[in-house]
Amino acid sequence: MMAAKASAQERLNEVVRIIAADMVAEVCSIYIRRAGDVLELFATQGLNPQAVHRTRLRIGEGLVGDIAAHARPLSLSDAQSHPQFAYRPETGEEIYHSFMGVPIVQAGRVVGVLTVQNKTRRTYDEDEVEALQIIAMVLAELAASGELVTREERSPQEGIALLPTRLEGVRFAGGVGIGQAVLHQPSITIRQIVADNPEAELKRLEAAVATMHVSLEALLDGAALGQKGEHQDVLEAYRMIAMDSGWIERIRDAVSTGLTAEAGVQQVRENTRARMNQVADHYLRERLGDLEDLAVRLLQHLTGESATMHTGPLPDNVVLVARTLGPAELLEYDTRKVRALVLEEGSPTAHVCIVARALDIPILGLVNDALIRIDNGDLLIVDAETQEMFVRPGEDIQQVYNTAMSARAQQRQRYAAIRERPAVSRDGARVKLLVNAGLELEVEQLGTVGAEGIGLYRTEIPFMVRAAYPEVEAQMALYRTVYEKASGRTVVFRTLDVGGDKVLPYFDRLGDENPAMGWRALRIALDRPAMLRNQLRALIRAAEGRPLSIMFPMVTEVAEFDQAKAILNLEIERERGRGNALPAEVKVGAMIEVPALLFQLKALLARVDFLSVGSNDLLQFLFAADRGNPRIATRYDPLSPAALRVFATLIQACDAARVPLSICGEMAGTPLEAMALVGLGIRSLSMSPLSVPPVKAMILSLDADGVRRYIVSLLDSPDRSLRDKLRAFARDHGVAL
Ligand code: PEP
Ligand code: MG
């Protein structure tokens with residue numbers, strides 16, 4: 001019937017008639033999405049025919065709008081008592097009690113809703129819901145054909161689609177990329193839903209699964225992505241999901257009910273999507289996202305259609321635009337040509353982002369309606385730094401970006417020139433520049449940015465991207481790799497700092513009302529010493545004759561440091577007792593992140609081998625200002641007299657006690673802040689790798705004693721911030737900021 005010559009409207013009318021008769025429903029209706037996010041009644045059997053093309057509901061309005069808003073089926077035996085029920089007098093639907101509806105989804109978008117209604121209060125069973133979902137799949141193709149609602153109408157940018165547009169998003173990976181848009185819209189047409197020969201369909205399915213596995217192996221093995229790293233873990237997890245027999249079993253079950261192989265995959269895919277909309281857990285969502293990627297891949301093998309939708313050669317500079325993207329889908333493109341990635345959905349921890357970062361591809365995420373507003377071939381400038389992008393930019397913007405990009409390239413060359421030089425100020429102050437790392441990628445950047453070591457290795461990061469808590473062996477392997485990659489440079493390992501904004505996918509959320517001030521970091525470690533002992537054991541074993549530096553996060557009082565150090569000593573003795581190789585030396589330090597510790601400095605300095613200021617946390621507690629709250633993000637300045645006075649006091653105390661002090665919060669990585677810290681006497685800074693070159697350039701141009709004299713004269717100032725004065729000083733004294 002769908003293939004008949006009749007017009008689209010006639011076919012819809014026929015569909016609702018057949019469904020109503022076949023499902024013994026008094027009513028069957030089809031709503032189609034129109035411009036302005038409105039669902040319009042397009043065809044009905046049972047409701048007042050006058051209501052057709054007149055009854056309209058907004059997405060989210062009424063039961064029909066609710067189905068569209070959540071993209072999931074709804075089945076009710078007494079619809080009118082549902083809080084979402086919206087009564088429309090023109091339809092005459094007040095006499096119907098039971099209601100079932102399913103979304104009509106095309107390329108991941110709800111394009112309509114299909115419903116049935118009955119007078120009696122009856123319950124629709126699962127098979128009926130599924131039957132309706134299968135019909136909705138067929139209707140999706142009709143809705144997408146443009147016969148009912150034109151493509152232009154479906155675009156919210158009606159009429160101005162070709163004007164330059166600026167879109168906003170969220171930075172998932174930094175950088176700027178310019179190129180031609182390639183829309184990633186896997187839309188595979190399923191031509192036949194019901195199988196002619198179910199046995200043959202099962203065979204087709206098995207064959208497609210087998211070829212998919214072979215081609216996936218080749219793709220994942222061939223990914224030109226460095227050997228090791230957490231992106232490899234992600235791909236490995238993906239490979240395991242592809243082999244997961246449960247998923248394929250569900251598809252087999254669907255095919256056994258009489259569907260074609262394609263329709264079976266599609267049905268399981270829709271169910272997965274419906275689940276995905278319900279889970280809040282980000283780790284689980286990622287896994288379900290991988291299944292979506294696999295479903296498309298399997299459909300591609302079944303239909304022989306291209307999942308990337310891009311036929312012909314790729315342009316030399318590509319900006320890939322997608323709703324979501326699986327890690328393997330990204331690798332399907334020639335990534336050497338991909339200059340940026342634009343996603344409508346996703347999160348910075350999404351697997352595709354981890355892989356893209358390993359390939360140095362900037363990503364702008366959460367760009368609303370990108371696929372609608374951008375056409376294949378459009379020129380795009382993606383600026384993940386300013387979290388915006390330009391679609392078909394005018395000459396002026398292109399000019400600005402071209403200039404900025406070449407300036408950036410020149411700057412990179414300048415930075416490359418100072419890479420091997422130590423950071424020594426003009427008047428001879430030697431500053432140690434270290435990096436903060438957590439991803440292997442960051443460890444690898446050590447050499448390329450010209451840093452002297454790792455001042456803060458955030459051990460929780462590898463824990464966060466894993467599927468399960470890593471055992472001692474796995475942790476040891478991880479730390480050993482860090483040592484090897486650091487090739488003899490210093491590494492300071494910070495013990496697990498979870499809680500706060502860092503959640504492990506396999507740990508229950510703690511539900512603390514103020515997680516930053518809750519059960520986190522060392523507090524958890526001291527309450528659950530087994531976890532800390534495992535980690536320390538792994539670190540001691542990984543060190544194996546090399547020096548080991550360990551620091552504890554969020555130490556609040558000296559007694560906590562003592563307790564943690566005692567556990568470390570216990571582990572060292574345990575290893576010694578077993579005759580295992582010990583580290584060449586062990587240095588133990590504390591992070592200064594909680595202001596209370598500043599009032600026990602004397603006792604603390606007598607115990608530690610070094611200290612490191614976690615200025616992100618220290619300043620948030622000092623100013624009582626949540627570090628993640630954008631409303632107060634700029635309210636209190638690290639360059640305020642109060643904050644600088646804290647640093648000055650701490651630096652003096654450490655110098656007097658000859659305890660090395662480093663700063664490892666974000667402020668260490670901004671040249672102006674770093675200048676102030678060096679002025680106050682800091683000689684060791686740890687920052688994200690890409691901040692090293694600009695901070696080094698600043699130090700090379702600095703007269704450290706000049707800044708010291710200037711900044712000391714300002715410490716008693718009543719100003720809120722010394723930022724402007726320090727910037728003016730830098731300008732007047734030729735400091736490269
Ligand atoms: C800090 O608090 O400044 C710090 C370096 O630790 P993190 O940012 O990991 O909390
Ligand atoms: Mg911290």
Side-chain angles (χ1 to χ4, degrees), residues 348-349 432-439 441-443 451 453-465 482 490-504 510 512 514-526 535 549-557 560-561 564 589-598 608 610-629 632-633 636-639 643-644 646-647 650-651 660-670 673-674 676-677 682 684-692 695:
T349 51
K432 207 187 238 180
L433 297 185
L434 306 160
V435 301
N436 297 343
L439 299 168
L441 247 171
E442 292 165 320
V443 182
I454 301 176
L456 165 67
Y457 182 76
R458 292 183 163 109
T459 56
E460 64 277 3
I461 306 284
F463 280 59
M464 285 162 74
V465 299
V482 176
T490 45
V491 185
V492 179
F493 290 96
R494 172 173 76 181
T495 60
L496 213 54
D497 180 13
V498 288
D501 59 339
K502 296 168 195 155
V503 238
L504 299 185
L510 300 172
D512 281 351
N514 279 313
M517 298 196 286
W519 198 50
R520 60 174 282 204
L522 191 60
R523 298 166 186 186
I524 300 183
L526 294 179
Q535 184 171 35
S549 290
I550 289 179
M551 75 181 168
F552 298 112
M554 285 289 289
V555 180
T556 308
E557 46 190 19
E560 285 179 346
F561 177 80
M591 287 188 80
I592 304 273
E593 296 184 288
V594 184
L597 200 55
L598 293 169
V608 295
F610 63 93
L611 288 177
S612 185
V613 182
S615 55
N616 305 336
D617 275 314
L618 181 63
L619 294 173
Q620 89 163 335
F621 297 127
L622 192 68
F623 290 121
D626 181 347
R627 67 194 254 189
N629 184 338
I632 45 171
Y636 305 105
D637 197 332
L639 295 181
L644 294 178
V646 169
F647 289 114
L650 183 60
I651 292 165
L661 173 69
S662 182
I663 311 266
C664 64
E666 295 309 311
M667 71 180 290
T670 29
E673 273 85 335
L677 291 168
I682 274 288
S684 170
L685 296 164
S686 191
M687 61 202 74
S688 68
L690 292 179
S691 300
V692 171
V695 169

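This chain uses plain numbering: 1 for the first residue, then up along the sequence. Counting convention: from 1, in listed order, for ligands and their atoms alike. FYI, side chains are in, hydrogens and waters are out, and symmetry mates aren't considered; it's all heavy atoms of this structure.
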So, 4.0 Å and heavy atoms of R494: is ligand 1 close enough to count as a contact?
yes

Strictly under 2.8 Å, is any N, O or S atom of D497 next to the Mg ion (ligand 2)?
no

Check this for me - ligand 1, E666, N or O atoms closer than 3.5 angstrom, yes or no?
no

Taking the side chain as every heavy atom from C-beta outward, state whether P553 and T495 have any pair of such atoms under 4.5 Å apart.
yes

Mind reading off the angle at the Mg ion (ligand 2) between the OD2 atom of D617 and the OE2 atom of E593, rounded to 10°?
100°

Numbered atoms of ligand 1 (with element) below 4.0 Å of D617, judged on heavy atoms
1 (C), 2 (O), 3 (O), 10 (O)

Taking E560 first and then R523, would you say they form a salt bridge - that is, a charged N and a carboxylate O separated by under 4.0 Å?
no

Hey, which atoms in ligand 1 end up nearer than 4.0 Å to a heavy atom of L456?
5 (C)

Any donor and acceptor pair, going by atom type alone, linking the side chain of T459 with main-chain N or O of Y457 inside 3.5 Å?
no

Would a 4.5 Å heavy-atom cut-off, applied to side chains only, mark L644 and L639 as touching?
yes

For ligand 1, which atoms have a heavy atom of D497 less than 4.0 angstrom away?
10 (O)

Classify the ring geometry between Y636 and F623 as parallel (under 30°), tilted (30 to 60°) or perpendicular (over 60°).
parallel

Ligand 1 to E460 polar contact by distance, N or O atoms, under 3.5 Å:
no

Under the side chain to side chain donor-acceptor pair (under 3.5 Å) test, which residues partner S686, sequence neighbours left out?
N436

Any atoms of ligand 1 less than 4.0 Å from a non-hydrogen atom of G665? List them with their elements.
3 (O)

Taking the side chain as everything from C-beta on, heavy atoms only, tell me whether M591 gets closer than 4.5 Å to M554.
no

